[in-house]
Amino acid sequence: AVGAMSCALAQGVGALVFGRFASGVGLGLSAIAAPVYIAEVSPRERRGANAAMHGVFITLGILASIALGLPQSPPPADSEHPLIGLDVLYWRFLLGLPLVLAIVQAVLLLSLYPTDSPSFLVQCGDMDAARGVLYEIYGMTVPQRVDLKDKAQAALALQLQDLQEAVTLAKEVPRIKVVQAIFDPFFRMAVFLGVGLAAFQQLCGINGLMSYSNALFAQAGIPPASLNAASTLMATANVFASLMSSRFVDHWGRRKLLLTGSGCQTVAMAFLAVLTDERYNGFLPPGGRGIASVVCFTIFVMAFSFGLGAVTWLYLSEIYPMEIRGASLSSCGVINWLSSFLVVFGTGFLSLQDACHVFGMICFLGTIGMYIWVVETKGCSMEDSPLTPRSERGTSHLLSNTSSPRGKYQKMADESDDEDSSVASATAS
């Protein structure tokens, strides 16, 4: 809201830069917090579909931004050609519009639906409120007395007990830093996989290609008058792919969607690389090269929305236990936005054919990496994922805290073993 207001009322470059910076900070925070919050307040069986709707509304926002920008003329070439007509104030409207959306979101979250997740409420020690929210999530009324013979009530009681155990275990150990988790055998795989997936989501080239879509379309042979129409078509297909992903994510699973999406991105980039190669121009009729390039570009964007765009942050919210979830997701967010900056900045120096080669190879390598390391998390507990199962917590050096009761008992057992060994050695001598 602060960023939008600063941009809309800007009287100079400084206020405009500050506004965009503030908007970027807010966007970065919400990009991490929103998928996690949605996952925590969703029924386990519909966690994927609900979290994928976050991606659907992002694609709707992209489409809306392109559509709202259509009435605006191209930017003037220099200061000698000032803005005229609608363009004088229209850019302020576009940059200030997020203020309205921010106010609507604040009203919804603070007044109409002021709901914290059961996980957060359990951490705060408010078990009654956590139980009430958990029953509300599943559309049930909190009974005066839990009937364990009722399967639904028994399942919710078990979920609440799992949350309580996870919070108790998390409080037994000191705060764990990501650097420490990297060197811990229990956390290492989840940390590296999460950071790699967050980087790959941007390094596949999606933001760079979207940012320079009109210029890349022009290189592919699309007439200047049709550039905006091509971008709008691509954004519309993007929304359709996101909707399809939200329907399949809880049926196919996270791994299959990620592999399908990145595999299709690789194939689309390969075809686009061929289409942009001058040696193959004779195989297509005049004008066909531009249309085919738009089709391949649109398939690439749709495949991203179907896989990496819809699933990445949902998957990341599911693989980290409570002890490192906040720190790890923050690190993934930093890596994600740094990768985005690198891609957007670097794409401006690439031709269309070079971009296809670079991002096509990255998509290919990323697909191979996901095939090897990504495991399915559909339907799992967020506190007991396949990458960090509760049954293997004993392998962690960081979780073996001697200040906890469990740690004290383990220490006593180790000391007892040492005493027995010493007695046995003395007797033998």
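Keep in mind that the numbers below use all heavy atoms, side chains included, and drop hydrogens, waters and symmetry copies.
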Visitor: Without swapping roles, check the side chain of S317 against the backbone of L314 for a donor-acceptor pair under 3.5 Å.
Guide: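 Yes; at least one donor-acceptor contact below 3.5 Å.
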Visitor: Would you please classify the geometry between the F248 ring and the W252 ring as parallel, tilted or perpendicular, with 30° and 60° separating the classes?
Guide: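 Correct class here is tilted.
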Visitor: In chain order, what residues pass the ring pair (Phe, Tyr, Trp, His ring centres under 6.0 Å) check against F183, with sequence neighbours excluded?
Guide: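 For F183 there are no ring pair (Phe, Tyr, Trp, His ring centres under 6.0 Å) partners, ignoring immediate neighbours.
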Visitor: For the residue pair I372 and I368, establish whether any side-chain heavy-atom pair is separated by less than 4.5 Å.
Guide: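 Heavy-atom side-chain distance check passes, below 4.5 Å.
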Visitor: By side-chain contact (heavy atoms from CB on, under 4.5 Å), which residues pair with F186, not counting sequence neighbours?
Guide: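 F186 satisfies side-chain contact (heavy atoms from CB on, under 4.5 Å) with D184, T388, P389, E392, R393, T395, S396, L399 once adjacent residues are dropped.
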Visitor: Quick one, W313 and C332 - any side-chain contact, counting heavy atoms below 4.5 Å?
Guide: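 Touching, per the 4.5 Å side-chain cut-off.
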Visitor: For E383, which residues count as a side-chain hydrogen bond (donor to acceptor under 3.5 Å, both in side chains) partner, sequence neighbours excluded?
Guide: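 Counting only residues at least two positions away or on another chain, E383 forms a side-chain hydrogen bond (donor to acceptor under 3.5 Å, both in side chains) with R325.
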Visitor: Distance alone, cut at 3.5 Å: any donor-acceptor contact between the side chains of D354 and S351?
Guide: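 The answer is yes; a qualifying pair exists.
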Visitor: I'd like to check the side-chain hydrogen bond (donor to acceptor under 3.5 Å, both in side chains) partners of S42; sequence neighbours left out, ordered by chain and number.
Guide: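 Once residues adjacent in sequence are excluded, the partners of S42 under the side-chain hydrogen bond (donor to acceptor under 3.5 Å, both in side chains) criterion are N50.
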Visitor: Does the pair F271 and C356 meet the rule for a side chain to side chain contact (heavy atoms under 4.5 Å, CB included), with working shown?
Guide: CA-CA 9 Å; F271 275 104; C356 293; over 6 Å; no
Visitor: Listed by chain and number, what are the side-chain hydrogen bond (donor to acceptor under 3.5 Å, both in side chains) partners of R20, not counting sequence neighbours?
Guide: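 side-chain hydrogen bond (donor to acceptor under 3.5 Å, both in side chains) check on R20 returns nothing, list empty.
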Visitor: Between the main-chain N or O of V56 and the side-chain N or O of S242, is there a donor-acceptor pair closer than 3.5 Å?
Guide: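 Side chain of S242 to backbone of V56, a donor-acceptor pair under 3.5 Å: no, none is there.
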Visitor: Heavy-atom distance under 4.5 Å between the side chains of P386 and C380, does that happen here?
Guide: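 The answer is yes; the side chains approach within 4.5 Å.
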Visitor: What about the rings of F21 and F18, do their centers lie closer together than 6.0 Å?
Guide: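 Centroid distance F21-F18: not below 6.0 Å, so no.
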Visitor: Just by modelled atom types, is the S340 backbone N or O under 3.5 Å from a matching donor or acceptor in the N207 side chain?
Guide: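 No; zero donor-acceptor contacts below 3.5 Å.
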Visitor: Test your reading of the model: is there a side-chain donor-acceptor pair from D116 to the backbone of L121, 3.5 Å cut-off?
Guide: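 Flag not set: sc D116 to bb L121 has no pair under 3.5 Å.
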Visitor: Does any non-hydrogen side-chain atom of P143 lie less than 4.5 Å from one of Y135?
Guide: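 Yes, side chains in contact.
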Visitor: Applying side-chain contact (heavy atoms from CB on, under 4.5 Å), can you list everything that pairs with A34, at least two apart in sequence or on another chain?
Guide: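 side-chain contact (heavy atoms from CB on, under 4.5 Å) list for A34, sorted by chain: H54.
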Visitor: Given side chains that start at C-beta, do those of I206 and F300 come closer than 4.5 Å, heavy atoms only?
Guide: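 With C-beta onward as the side chain, the pair touches.
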Visitor: According to side-chain contact (heavy atoms from CB on, under 4.5 Å), who are the partners of A237, at least two apart in sequence or on a separate chain?
Guide: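 Partners of A237 under the side-chain contact (heavy atoms from CB on, under 4.5 Å) test: T298, M302.
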Visitor: Just by distance, do the side chain of S245 and the backbone of A241 share a donor-acceptor pair under 3.5 Å?
Guide: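 No; zero donor-acceptor contacts below 3.5 Å.
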Visitor: Restricting to salt bridge (charged side-chain N to carboxylate O under 4.0 Å, His left out), what partner residues turn up for E165, sequence neighbours left out?
Guide: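 Applying salt bridge (charged side-chain N to carboxylate O under 4.0 Å, His left out) to E165 gives R390.
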Visitor: Just to verify, what does Y138 make a side-chain hydrogen bond (donor to acceptor under 3.5 Å, both in side chains) with, not counting sequence neighbours?
Guide: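 With sequence neighbours excluded, Y138 shows a side-chain hydrogen bond (donor to acceptor under 3.5 Å, both in side chains) to Q159, given in chain and number order.
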Visitor: Among residues at least two apart in sequence or on other chains, which ones pass side-chain contact (heavy atoms from CB on, under 4.5 Å) with E376?
Guide: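 Result, side-chain contact (heavy atoms from CB on, under 4.5 Å) vs E376: R254, R255, K378.
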Visitor: Please, which pairs that meet salt bridge (charged side-chain N to carboxylate O under 4.0 Å, His left out) have at least one residue in residues 46-68, sequence neighbours excluded?
Guide: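 Sorted pair list: R47-E318.
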Visitor: Locate the shortest heavy-atom distance separating S385 from I319; write the atom from each residue and the value.
Guide: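 That would be OG-O, 3.4 Å.
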Visitor: Has T312 got a side-chain atom pairing as donor or acceptor with G309's backbone, closer than 3.5 angstrom?
Guide: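 Absent.
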Visitor: Under the criterion side-chain hydrogen bond (donor to acceptor under 3.5 Å, both in side chains), I'd like the reasoning laid out for S117 against E40: C-alpha separation, chi angles, the key distance, then a yes or no.
Guide: CA-CA 6 Å; S117 69; E40 289 182 345; 2.9 Å; yes
Visitor: List for me each residue that meets salt bridge (charged side-chain N to carboxylate O under 4.0 Å, His left out) alongside R131, sequence neighbours excluded, and say none if there are none.
Guide: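 Per chain and number, R131 pairs via salt bridge (charged side-chain N to carboxylate O under 4.0 Å, His left out) with D128.
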Visitor: Rounded to the nearest 0.5 Å, what separation is found between the CZ atom of F306 and the OG1 atom of T260?
Guide: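 Here the rounded value is 6.0 Å.
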